[in-house]
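For reference, the structure is listed below as structure tokens.
So you know, we letter chains A, B, ... as the sequences are listed, proteins then strands, and number each from 1.
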Amino acid sequence: MDSFQATIDADGRIEPRDAMPEGYRKTLIRQIAQHAHSEIIGMQPEGNWISRAPSLRRKAILMAKVQDEAGHGLYLYAAAETLGVDRADLLDLLHSGKQKYSSIFNYPTLTWADIGAIGWLVDGAAIVNQVPLCRCSYGPYARAMVRVCKEESFHQRQGFEILHTLCNGTDAQKAMAQDALDRWWWPSLMMFGPPDAASTHSEQSMAWGIKRHSNDELRQRFVDMTVPQADVLGLRVPDDNLRYDEETGHYSFTEPDYEELYQVVKGNGPCNKQRLAHRVKAHEDGAWVREAAAAYAEKQAREQETAA
Amino acid sequence: MNDLFTYTLRLGDDALIAAQRTAEWIAAAPQLEEDVALGNIGLDQLGQARSLLQYAAEVEGAGRTEDDLAYFRDERDFLNLQLCELPNGDFGHAMARLLYFATYQHLLYEQLLGSADEILAGVAGKAVKEVAYHVDHATQWVLRLGDGTDESHRRMQAGLDALWPYTGEMFASDPLVQRLDVAVDPAGLEQEWVRRVTRVIDESTCERPTSAYQHSGGRDGKHTEHLGYLLAELQHVARSHPGATW
Ligand SMILES: [Fe+2]
Ligand SMILES: [Fe+2]
């Protein structure tokens with residue numbers, strides 16, 4: 001274990017074959033699994049608009065985006081598997097509610113503008129959370145994050161572009177964009193987790209080089225990045241207390257209602273049941289297909305053996 | 001109506017409606033790899049649809065765009081095969097449809113490559129590689145499902161049977177394709193299509209369906225009841241905001 005600590009202290013990478021404390025391994029499995037689950041559950045609110053995307057170009061971009069998220073899920077489950085767990089078991093934990101996914105995906109996508117808002121705000125917040133993870137002490141997770149972050153920044157730009165087009169469109173389109181920002185702003189701020197004072201896992205994760213910045217630091221970074229972009233769009237951030245502080249160089253803002261976050265985490269968000277039920281149904285409907293693939297592969301392997 | 005416009009629209013509508021159905025699998029597939037694969041296939045189909053509808057609009061010369069054609073035509077103006085519009089059904093149905101449709105598209109695009117119409121030939125040149133992958137993907141699944149478990153065999157057979165009566169329409173010739181020398185007369189593709197599809201079905205241990213009755217009407221804009229709902233969903237936002245840019 002000394003070599004583990006030495007590697008962490010030297011800001012080096014822990015690789016799957018290296019010795020690591022059980023707590024480190026468990027923390028990573030939980031975090032990577034939750035991240036992977038978020039990628040695949042996140043396909044639902046956006047997938048909800050593929051069939052209705054208002055132009056063929058937007059439809060193609062959205063399909064590619066949702067497909068990217070499935071790919072992110074695949075990389076992340078693969079990263080988790082390097083820690084000695086199976087994707088199938090992690091999916092069971094998701095389906096039984098024992099592992100969580102990001103609460104943001106428990107909010108509904110009600111209009112086309114929500115697809116823009118998700119790309120801009122939710123992928124934007126994900127980038128702020130994930131860029132530091134590219135330097136995470138666990139090598140496979142860090143490397144997965146490098147690939148994921150590149151694609152998330154495409155998503156963020158595409159989301160911004162959707163809103164930009166709406167904001168330069170008809171009055172109804174502008175209203176749609178403002179309404180989406182009004183609904184997604186607060187849940188986006190919650191994506192950085194509870195305030196530092198109430199954050200339970202943070203300290204140990206920092207010491208292990210899994211986490212690099214506190215929740216509040218990241219939230220501030222997101223606000224500082226996003227507010228000027230809202231100005232470019234001509235949209236109003238729904239916070240009467242939002243001010244730029246010349247002295248600190250940061251925006252001061254109203255904290256989101258963390259009670260709402262705790263409720264959504266507990267399962268009481270607008271779409272928790274729907275998202276999980278959809279996911280479980282897809283999995284159960286596909287069981288016979290996965291069984292068939294396994295049976296076929298086994299038959300093929302047996303035939304190869306007999307032939308050899 | 002301009003023959004080239006109508007012909008291009010037929011192929012474009014096939015691809016568009018197929019893409020719309022394929023996309024319904026995203027976030028609902030049996031496993032994550034399949035969400036990605038069907039996403040790829042749907043994107044290929046949509047890409048083909050866009051190229052073809054753009055060209056149709058250009059040929060028509062009435063100032064319409066791909067989006068005008070996709071979003072502002074009614075059921076009776078769509079010229080796609082009924083096979084493309086049928087609801088997805090289970091994964092066995094999906095792979096049966098993909099095998100039938102992609103094999104047809106592959107044969108069609110192979111011939112269209114040699115068309116004297118440079119744009120159609122160009123679209124076909126790109127698409128032929130894409131649909132070769134679709135055929136391969138469908139083939140792998142038909143084999144796995146047909147020769148997997150008892151349940152998967154039963155479901156694969158059911159999918160093949162249910163969609164077979166919608167395959168005849170693919171090969172129907174008509175005066176338009178006979179007249180239009182840059183078009184492929186699909187009647188000439190049938191024999192090879194049957195050969196290729198039969199080979200896959202035989203290897204999968206399923207039975208090749210034999211039902212003689214074949215539906216038709218898609219090329220004349222006569223569809224199943226399902227298309228109206230598909231279009232209602234596809235078109236509703238665009239039609240709620242006429243003239244808007246997205
Ligand atoms: Fe992602
Ligand atoms: Fe993303």
- Message: Under 4.5 Å from any heavy atom of chain A, what part of B/W25 do you find: side chain, backbone, both or neither?
- Response: neither

- Heavy-atom proximity to chain A below 4.5 Å, by part of B/L230: neither

- Message: With a 6.0 Å cut-off (strictly less than), is the heavy-atom count around CG of B/D74, excluding the residue itself, greater than 12?
- Response: yes

- Message: Report which part of B/N40 has an atom under 4.5 Å of a heavy atom belonging to chain A: side chain, backbone, both, or neither.
- Response: both

- Query: Do any of residues 296-303 of chain A come closer than 4.5 Å to chain B, heavy atom to heavy atom, and if so which ones, in number order?
  - Reply: A/Y296, A/K299

- What part of B/Q20 gets closer than 4.5 Å to chain A, counting heavy atoms only: side chain, backbone, both or neither? side chain

- Which bit of B/Y71 is near chain A, if near means a heavy-atom gap under 4.5 Å: side chain, backbone, both or neither? side chain

- Task: Measure the spacing between CZ of A/R290 and OG of B/S152 and express it to the nearest 0.5 Å.
- Result: 13.0 Å

- Message: Under a 4.5 Å cutoff for heavy-atom pairs, which residue among B/L43, B/V237, B/L16, B/I26 has the most contacts with chain A?
- Response: B/L43

- May I ask you to check whether over 12 heavy atoms, not counting those of B/F72, lie within 6.0 Å of atom CZ? yes

- Message: Heavy-atom cut-off 4.5 Å, strictly under: side chain, backbone, both or neither for B/R155 against chain A?
- Response: side chain

- Query: Does A/Q173 use its side chain to pair, donor to acceptor, with the backbone of B/T245 at less than 3.5 Å?
  - Reply: yes

- Item | B/W141 vs A/V289, side-chain contact (heavy atoms from CB on, under 4.5 Å): CA-CA, chis, key distance, verdict | CA-CA 9 Å; B/W141 274 114; A/V289 176; 3.4 Å; yes

- Quick one: which residues of residues 54-78 of chain A reach chain B at under 4.5 angstrom, heavy atoms only? A/P54, A/S55, A/L56, A/R57, A/R58, A/K59, A/A60, A/M63, A/A64, A/V66, A/Q67, A/A70, A/G71, A/G73, A/L74, A/Y77

- Tell me, for B/A49 versus chain A, whether the close heavy atoms (under 4.5 Å) come from the side chain, the backbone, both or neither. neither

- Task: Would you indicate whether B/Y133, at its atom OH, is surrounded by more than 12 heavy atoms from other residues, nucleotides or ligands within a distance under 6.0 Å?
- Result: yes

- Query: Where on B/L46 is there a heavy atom nearer than 4.5 Å to chain A: the side chain, the backbone, both, or neither?
  - Reply: side chain

- chain B interface, residue from A/A282, A/A172, A/G47, A/G116 that has the most non-hydrogen pairs under 4.5 Å: A/A282

- Query: Counting heavy atoms not belonging to B/R239, are there more than 12 under 6.0 Å from its CZ?
  - Reply: yes

- Enter the distance from A/I40:CD1 to B/D35:CG here, rounded to the nearest 0.5 Å. 8.0 Å

- Atom of B/A27, atom of A/M43 and distance for their closest heavy-atom approach: N-CE, 3.7 Å

- Message: Would you say CD of B/E207 has more than 12 non-hydrogen atoms from neighbouring residues, nucleotides or ligands within 6.0 angstrom?
- Response: no

- Please check if the side chain of A/R52 supplies one atom and the backbone of B/H236 the other of a donor-acceptor pair under 3.5 Å. no

- Just how far is it from atom CH2 of A/W288 to atom CE of B/M156, taken to the nearest 0.5 Å? 7.5 Å

- Message: Would you say A/E291 and B/T149 are linked by a side-chain donor-acceptor pair, where the criterion is simply a distance under 3.5 Å?
- Response: no

- Could you please spell out the steps behind the side-chain contact (heavy atoms from CB on, under 4.5 Å) verdict for B/W246 and A/I162? CA-CA 7 Å; B/W246 302 96; A/I162 288 174; over 6 Å; no

